[in-house]
Undergrad: 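Before we start, here is the structure in question, set down as C-alpha cells.
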Number of protein chains: 2
Amino acid sequence: MCIYVSYVVHLFFLPTFVSKLYFTMEIEKGTALGSLETPCLLLDRERMKKNFASLEQRLQRFGVALRPHMKTVKSLDVAKALFGEAKVPITVSTLKEAEEFAKIGLTDTVYAVGISPNKLQRVQKLRASGIQLKVILDSVVQAQMLAEYVQQTSDPIQVLIEVDCDDHRAGINPTNKKTILSIAEVLSSGGAALEGVLTHSGGSYSAKSTAQIIAAAEREQKAIVDAATLLRKHGYSIPTVSIGSTPTAYLAHDFSGITEVRPGVFMFFDLHMAGLGVCTTSDIAISVLTTVVGHQAKKGWIIVDAGWMAMSSDRATAGQKEDMGYGLACNEQGAVIDNLTMVAANQEHGILAFRDGRKDVRQRFPIGTTLRILPNHACATAAQHQAYYVIDDNRVAAIWPRFNGW
Amino acid sequence: MCIYVSYVVHLFFLPTFVSKLYFTMEIEKGTALGSLETPCLLLDRERMKKNFASLEQRLQRFGVALRPHMKTVKSLDVAKALFGEAKVPITVSTLKEAEEFAKIGLTDTVYAVGISPNKLQRVQKLRASGIQLKVILDSVVQAQMLAEYVQQTSDPIQVLIEVDCDDHRAGINPTNKKTILSIAEVLSSGGAALEGVLTHSGGSYSAKSTAQIIAAAEREQKAIVDAATLLRKHGYSIPTVSIGSTPTAYLAHDFSGITEVRPGVFMFFDLHMAGLGVCTTSDIAISVLTTVVGHQAKKGWIIVDAGWMAMSSDRATAGQKEDMGYGLACNEQGAVIDNLTMVAANQEHGILAFRDGRKDVRQRFPIGTTLRILPNHACATAAQHQAYYVIDDNRVAAIWPRFNGW
C-alpha cells in the first residue's frame with residue numbers, strides 16, 4: 001500500500017495580478033477589499049513598517065539590541081519586508097520557526113521555550129545546518145540532560161538560563177541563587193556554552209495602568225541583571241542579558257545591564273496592546289475582512305462570516321477596561337465603528353452588536369456589507385490564517401503565505 | 001518582478017514507515033507516543049469509528065438520515081475511514097470544505113452559513129464542477145440576490161430557508177410567517193429550487209441538564225416542522241427538513257417530520273460534550289500530545305509545550321459544572337489524571353495544576369514526561385493542527401493531513 005498526499009500552496013506574484021491557485025481564484029493587484037472572498041486576513045504594510053521602526057528606534061536610543069519574536073508573524077515575506085537584507089537576530093517559539101527563517105538567512109536564533117529531551121535531535125540537526133540555535137532552561141535536570149547531549153555530540157550548544165521576574169510562567173527566581181549556580185556549573189563542566197540569561201515579563205500583559213507596566217519593566221530589568229551579576233561574580237562571562245515583552249519594551253525607562261529585547265506583537269499590535277495604552281487602534285496592522293451574511297434586527301445583531309475560525313477564541317481584552325468581545329469592527333476602509341464589537345463567535349459565524357444598545361443595524365449594514373475586525377490578540381488571529389492579504393492604501397498589493405505547525 | 005513561493009506538505013505512507021518530510025523527521029509505523037516530537041494531535045481511530053457508528057445507529061432507529069458536519073474533521077482520510085466508499089450527504093461550514101470533500105466524491109453538500117453576494121461566483125463554479133451545493137439564507141434580501149443570480153446563470157440553485165429555533169444565532173423565527181412565505185415566493189418565482197428548511201439548536205450547547213437538552217431538542221423539532229408545515233400549506237414541496245446539533249441528535253426522542261440531522265463534533269467528542277453528559281471522557285477521540293518542559297514546584301505548576309497554539313483558546317467548559325481550563329490531562333496511555341487541568345495557556349506554553357491543590361508535581365511528572373490533553377472543543381483544537389497522528393492501541397498507525405482555510 002502506498003498513499004501519497006501532496007498539499008501545495010502556490011502564490012504567483014506578477015506585476016499585474018496575483019494568481020492564488022490554492023484559493024482557486026485570481027486576484028488582480030489593486031483589487032478593492034469589497035471584491036475579496038471573506039473571511040481573509042489583511043495586513044497593512046505601512047502600519048507594520050511604522051510599528052517596527054518606532055520600537056527599533058526607541059531601543060537604539062537606549063543602545064540595546066532588538067531580537068524580534070517571530071511567533072507573531074510566521075512569514076518569510078514579513079521578515080523580508082521588515083529586515084531587508086539585514087540578518088537580524090531573532091526569537092522563535094517553535095523549532096519550525098527556526099527552520100523556516102533560516103531559509104532567508106536568519107540564523108542567530110533563540111528558541112524561547114524550555115528545552116525537553118524529545119527535541120534535542122532536531123536541535124542538533126538545525127545547529128548542524130548552520131543555525132546558531134540557542135536553547136533555554138530553568139532546572140538542573142535540564143542542564144544535566146543538555147550536558148549529556150553535549151558529551152555525545154561534541155556540539156557545544158549555547159544555553160540561556162531562564163529567570164522568572166514576575167511569577168507568571170517559567171524561570172528561576174533570581175533569589176534562588178543555589179539553583180542558578182548549580183545549573184551554570186553543570187552546563188559549563190559539561191561543555192555547553194552558557195550564553196547568558198533571559199526573562200519575559202508576561203505579567204505586564206495584565207497591567208491595569210501605565211504605572212504598572214513601568215513597574216513590571218523595573219522588575220524585569222532588576223531580575224535579569226541580578227541573575228547576570230550573580231553568575232559573573234562566580235566567574236561566568238554572560239554575554240547575553242535578554243528581556244522581552246512588547247509593553248515593557250515600549251515603556252521601560254532603564255535598560256542598563258540589558259543587551260537585547262525580544263518583543264513580538266508590536267509588529268502588528270492589537271486591541272490588547274491598545275487597551276494597555278502601548279498603541280492606539282490606528283496602529284493595528286492586521287484585521288479580518290468579513291461580510292455581513294444576516295441580521296437579527298430586533299436584537300440589533302449583525303451576523304458576519306468571520307467566527308472564531310477567523311478571529312481565534314482569544315479574549316485578551318476580557319479583563320481590560322474596555323472588553324472588545326472577539327474584536328472591534330471597522331468599515332471597509334479601516335475606520336473604527338464606535339462601540340460595534342463581536343459579542344459572540346461560532347466556528348464560521350460572528351455576531352456583532354453595539355455596546356450602546358443601538359439597534360439600527362439592518363439599514364446601516366445590509367447583507368453583503370464588507371467590514372473589518374480588529375483582533376484582540378494578533379498572534380492568535382494571524383495563526384488562524386494561511387496568508388496575509390497585504391494592503392497598501394486599502395487595496396491588495398500582494399499575498400504573503402504564512403506557516404504554522406511545529 | 002516575479003516571486004514564486006511554494007509550500008509543500010508531503011506525507012508518504014509505506015507499510016513499514018511514515019516519512020514526514022514536512023516535519024523533517026521520520027516516524028516508524030508503530031512508534032510509541034513518547035518518541036514523537038510534541039506538541040502534536042492524536043486521533044484514536046477506534047474511538048472515532050465507535051462514536052460515528054453509535055449515532056448513525058441511533059438515527060437509523062428513528063429512520064432519519066445523517067448528514068455529518070465535516071467542519072470538525074476537515075480531512076479526506078477521516079472521511080474515508082468513516083464512510084468507506086459510501087457517498088454520504090455532508091454539511092460544510094466553508095466553500096473550501098465543499099471543494100475538498102468533492103475530491104473523494106462527497107458532492108451532496110449543504111453549506112450551512114448564510115450566503116452572501118461575494119460567494120456566489122464560487123458557488124456557481126462548485127456547482128458547475130458537479131457539487132450539488134445547497135445554500136442557506138434567512139432574509140428576503142438574500143432571496144432576491146439569489147433569484148437575480150439564478151436569472152443570470154440559469155443555474156436553479158438549491159436553497160434551504162434557515163429557521164431560528166432558540167434565539168441563538170441566525171434564522172427566521174417560525175412565527176414570522178410573512179417573511180418565510182415572502183422568501184419562498186421570491187425564490188420560486190425567481191427560479192431557485194426551494195429544497196427545504198434548516199435549523200441548528202446552538203442553544204443546546206449551553207444546557208445545564210439532560211432535561212434542558214431534551215427541551216432544546218423539542219424546540220428544534222417543533223420550530224422546523226412548523227416552518228415546513230407552513231410552506232407546504234402554501235404549496236411548496238419542502239423535501240428536506242434539516243436539524244442538527246450533537247447534543248440534540250443524541251437526546252431527542254422525537255424526530256417526526258425531520259428528514260436529516262447535521263451533527264459534527266460527535267465524531268471526536270470533547271470535554272464540552274462530556275460536561276453536557278452526551279459522552280464520557282473515554283469517548284473523546286482526539287488529544288494533544290505534550291511534553292513536560294518545566295515546573296514551578298512551590299505553586300504546583302507543570303509547564304508543558306502545548307499552549308493555545310496547540311489547544312486553541314476555547315474555554316467551552318468555563319460555564320459548566322466542571323471548568324476544565326484549557327483541557328484535562330491524561331497520561332501517555334490516555335488515562336485521565338484526576339483534577340489535573342491546564343489552568344493557563346500562552347502561545348507555546350501550557351500550565352497544568354491540580355484543582356485539589358496537590359503540589360507534588362516535580363516528582364510525579366519530571367521533565368520529559370509525555371502527557372495527553374483532552375480538548376474543550378474538538379473543532380477548535382483540531383483546527384490548530386495540520387495533521388492527525390492516528391493511533392491504534394496507543395501507537396502511531398498513520399498520519400492524516402487536514403486542511404484549514406476558506
Side-chain angles (χ1 to χ4, degrees), chain A residues 1-15 24-25 37-39 71 93-94 99 113-119 122 138-139 141-142 145 169-170 202 291-295 303 305 308-309 312-315 346-349 351 366-368 379-380 383 386 401 403-406, chain B residues 1-15 24-25 37-40 71 93-94 99 113-119 122 138-139 141-142 145 169-170 202 291-295 303 305 308-309 312-315 346-349 351 366-368 379-380 383 386 401 404-406:
Chain A
M1 178 182 52
C2 180
I3 303 170
Y4 177 91
V5 183
S6 176
Y7 171 64
V8 184
V9 183
H10 289 284
L11 303 178
F12 298 86
F13 189 94
L14 295 167
T24 65
M25 58 186 293
E37 255 195 62
T38 50
K71 75 187 174 75
S93 70
T94 64
E99 206 167 72
V113 177
I115 191 71
S116 57
N118 62 343
K119 294 206 176 72
R122 189 152 165 220
D138 66 356
S139 68
V141 176
Q142 285 164 302
M145 175 192 85
R169 194 170 69 193
T291 303
V292 174
V293 299
H295 304 92
I303 299 176
D305 67 356
W308 56 253
M309 189 62 100
S312 90
S313 295
D314 198 289
R315 292 282 289 105
N346 294 156
Q347 188 154 348
E348 298 290 350
H349 295 83
I351 298 178
I367 299 277
C379 310
Q386 294 169 319
F403 58 87
N404 275 331
W406 290 273
Chain B
M1 179 182 55
C2 179
I3 302 168
Y4 177 90
V5 183
S6 177
Y7 172 63
V8 184
V9 183
H10 289 283
L11 303 178
F12 298 85
F13 188 93
L14 294 166
T24 64
M25 58 187 293
E37 254 194 63
T38 50
C40 64
K71 73 187 174 77
S93 70
T94 64
E99 205 168 71
V113 177
I115 191 69
S116 57
N118 61 343
K119 295 204 175 74
R122 189 152 165 218
D138 66 355
S139 68
V141 175
Q142 284 165 301
M145 175 192 85
R169 192 170 70 193
T291 304
V292 175
V293 299
H295 304 91
I303 298 176
D305 66 357
W308 56 253
M309 189 63 99
S312 89
S313 296
D314 198 288
R315 291 280 290 106
N346 294 155
Q347 187 154 348
E348 299 289 351
H349 295 82
I351 298 178
I367 298 277
C379 311
Q386 293 168 319
N404 276 333
W406 291 272

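Quick note on labels: first sequence line is chain A, next is B, and so on, each numbered from 1.
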Undergrad: Would you call B:Ser116 and A:Val292 a side-chain contact if the rule is heavy atoms closer than 4.5 Å?
TA: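 With C-beta onward as the side chain, the pair stays apart.
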
Undergrad: Please look at A:Thr38 and chain B and tell me whether the side chain, the backbone, both or neither of the residue comes under 4.5 angstrom of a heavy atom of that chain.
TA: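 Answer is both: backbone and side chain atoms of A:Thr38 are under 4.5 Å from chain B.
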
Undergrad: Where do B:Gly294 and A:Asp138 come nearest, in terms of heavy atoms and distance?
TA: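 Closest pair (atom of B:Gly294, atom of A:Asp138, distance): CA-OD1, 4.4 Å.
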
Undergrad: Quick one: are A:Lys119 and B:Asp305 in side-chain contact, heavy atoms under 4.5 Å?
TA: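 Result yes, sub-4.5 Å side-chain heavy-atom pair found.
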
Undergrad: With only heavy atoms counted, which part of A:Ser93 is less than 4.5 Å from chain B, the side chain, the backbone, both or neither?
TA: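 Both parts, backbone and side chain.
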
Undergrad: Could you have a look at A:Ala383, A:Gly202, A:Ser312, A:Ala170 and say which one has the most heavy-atom pairs with chain B under 4.5 angstrom?
TA: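 With the most close heavy-atom pairs to chain B, the winner is A:Ala170.
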
Undergrad: Give the member of A:Gln347, A:Arg169, A:Met145 that has the highest number of heavy-atom pairs under 4.5 Å with chain B.
TA: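 Winner by heavy-atom pair count: A:Arg169.
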
Undergrad: Would you mind checking which part of A:Val141 comes under 4.5 Å of any heavy atom in chain B, side chain (CB onward), backbone (N, CA, C, O), both or neither?
TA: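 Just the side chain, heavy atoms under 4.5 Å.
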
Undergrad: Specify the closest pair of heavy atoms between B:His349 and A:Gly114, including all atoms of both residues, with the distance to one decimal.
TA: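 Answer, listing the atom of B:His349 first, then A:Gly114: NE2-N, 4.5 Å.
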
Undergrad: At a heavy-atom distance under 4.5 Å, which candidate from B:Asp314, B:Thr94, B:Ile303, B:Val113 has the highest pair count against chain A?
TA: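 With the most close heavy-atom pairs to chain A, the winner is B:Val113.
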
Undergrad: Do A:Glu348 and B:Lys71 sit within salt-bridge range, that is, some charged N less than 4.0 Å from a carboxylate O?
TA: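 No, this pair does not count.
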
Undergrad: What pair of heavy atoms forms the shortest contact from A:Asn404 to B:Gln386, and how long is it?
TA: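 Minimum heavy-atom contact is O-OE1, 3.6 Å.
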
Undergrad: Counting only non-hydrogen atoms closer than 4.5 Å, does A:Pro366 touch chain B with its backbone (N, CA, C, O), its side chain (CB onward), both, or neither?
TA: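 Neither the backbone nor the side chain of A:Pro366 comes within 4.5 Å of chain B.
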
Undergrad: Contact between A:Trp406 and B:Pro39 at the side-chain level, heavy atoms closer than 4.5 Å - yes or no?
TA: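 The answer is yes, as the side chains (C-beta and beyond) meet within the 4.5 Å cut-off.
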
